[in-house]
Structures are given as C-alpha cells and as structure tokens.
Amino acid sequence: MTAITHVYNYTVRCPHYKDPEHEVTWLNHVEINKSCEIALDRITKWHALPCGELIETDGFVFRKAADSDTYFGVKSDRLKDDGHMLVTFKILMEDCDSNTCLEDILAHLINNYTTKAAKLK
C-alpha cells in the first residue's frame, strides 16, 4: 500500500489592486501550503462541480469551473520507498489584468512542482 507522504497545494490569486511603489503581478500572489485537509477539501469540492473547459499541459489536466474564472488541477506521483506525492492547484483568474496569461501561470506552477518532485524521487 502506498501512503501519501507529501502534499502541496498551490493557490494563485491574480492581483486586483494597483500599488505604484511595487510591480503588481500574480507571481507575488502564489501561495504554497502542505495541508492534507486543504487537499482533501479541494478534491471533494471539485469532484461535485460542473466543469467548463479542460486544459492539458505537460501531463497535467486543469479544469475551469463552469460558473467562474477559477481553474483547478490535481495530480499524484509515486515516490521511492512507497511514498506518494499529491498536489492540488487553484488559480483564481477573476481579477486578472490583460497582462496575465493563464499558460504562464500553469507553466510556472508545473515547473515549481516538478522541481520539488524530482528532489524526492
């Protein structure tokens, strides 16, 4: 039996405010936590939600919520010594500006996750 030994939850909130002193970008609004409760809560909520578009990129599947500009993703990977890694993604695009590109966000998150996973494999 494989146990979930590592959990990562990524949340990206597109900034909706302007700060003249600092560059405002989604890169400043990437949150990563390791809560199993958040991961399970996300998975159970998303399972029941109707799905809009699907995006496949680099072996990851993201789905858009039917009623908002929010994208969700989940993936698991097997690790050495019977470990297992679970990752969830939540990208809130409601307040993004015209310079925000979903593909750039997904590429950044996937790269960050695969870098973490490679260190554990």
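All of these numbers come straight from a predicted model, not from anything done at the bench.
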*Asks:* Hey, what do you get for NZ (Lys90) to OG1 (Thr70), rounding to the nearest 0.5 Å?
*Replies:* 6.5 Å
*Asks:* For Leu40, enumerate each residue passing the side-chain contact (heavy atoms from CB on, under 4.5 Å) test, keeping only those at least two apart in sequence or located in another chain.
*Replies:*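 Expected list: none.
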*Asks:* Show the nearest heavy-atom pair for residues Phe72 and Ala65, with the distance to one decimal.
*Replies:*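 Taking every non-hydrogen atom into account, CE1-CB, 3.6 Å.
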*Asks:* Mind checking the OG1-NZ spacing from Thr114 to Lys119? Nearest 0.5 Å is all I need.
*Replies:*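 These two atoms lie 10.5 Å from each other.
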*Asks:* Show me the pairs that pass salt bridge (Lys or Arg N to Asp or Glu O under 4.0 Å) and involve residues 26-37, at least two apart or across chains.
*Replies:*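 Of all non-adjacent pairs touching residues 26-37, those that pass salt bridge (Lys or Arg N to Asp or Glu O under 4.0 Å) are Arg13-Glu31.
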*Asks:* Under the rule for side-chain contact (heavy atoms from CB on, under 4.5 Å), what residues qualify as partners of Ala107, not counting sequence neighbours?
*Replies:*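 Expected list: none.
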*Asks:* Going by side-chain contact (heavy atoms from CB on, under 4.5 Å), name the residues that satisfy it together with Cys51, two or more places apart in sequence or in a different chain.
*Replies:*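 With sequence neighbours excluded, Cys51 shows a side-chain contact (heavy atoms from CB on, under 4.5 Å) to Leu54, Arg63, given in chain and number order.
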*Asks:* Apply the test side chain to side chain contact (heavy atoms under 4.5 Å, CB included) to residues Asn28 and Thr25: give CA-CA distance (whole Å), side-chain angles for both, the deciding distance (0.1 Å), then the verdict.
*Replies:* CA-CA 6 Å; Asn28 298 334; Thr25 173; 3.6 Å; yes
*Asks:* Quick one: salt bridge (Lys or Arg N to Asp or Glu O under 4.0 Å) pairs with a partner in residues 100-112, sequence neighbours left out?
*Replies:* none
*Asks:* Pairs in or reaching into residues 64-73: which pass salt bridge (Lys or Arg N to Asp or Glu O under 4.0 Å), with residues at least two apart or in two chains?
*Replies:* Lys64-Asp69
*Asks:* For residues 43-60, which residue pairs qualify under salt bridge (Lys or Arg N to Asp or Glu O under 4.0 Å), counting only residues two or more places apart or in two chains?
*Replies:* Asp41-Lys45
*Asks:* Quick one: side-chain hydrogen bond (donor to acceptor under 3.5 Å, both in side chains) partners of Thr5, sequence neighbours excluded?
*Replies:* none
*Asks:* Using a 4.5 Å cut-off between side-chain heavy atoms of Ile, Leu, Val, Met, Phe, Trp and Tyr, which other residues end up in the same hydrophobic cluster as Ile32?
*Replies:*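 For the cluster that includes Ile32, the remaining residues are Tyr8, Tyr10, Val12, Trp26, Leu27, Val30, Ile55, Phe60, Phe62, Tyr71, Leu79, Met85, Val87, Phe89, Ile91, Met93, Leu102, Ile105, Leu106, Leu109, Ile110, Tyr113, Leu120.
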*Asks:* Taking side-chain contact (heavy atoms from CB on, under 4.5 Å) as the test, write out the residues that go with Ile38, two or more places apart.
*Replies:* Asn9, Asn33, Ser35, Arg42
*Asks:* Give, for atom NZ of Lys75 and atom OG1 of Thr88, the distance between the pair rounded to the nearest 0.5 Å.
*Replies:*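 It comes to 13.5 Å.
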*Asks:* List, by chain and then residue number, the residues other than Leu92 in its hydrophobic cluster (Ile/Leu/Val/Met/Phe/Trp/Tyr, side-chain heavy atoms under 4.5 Å); write none if there are no others.
*Replies:* none
*Asks:* Which residues satisfy the side-chain hydrogen bond (donor to acceptor under 3.5 Å, both in side chains) test with Thr100, sequence neighbours excluded?
*Replies:*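 So Thr100 forms a side-chain hydrogen bond (donor to acceptor under 3.5 Å, both in side chains) with Asp97.
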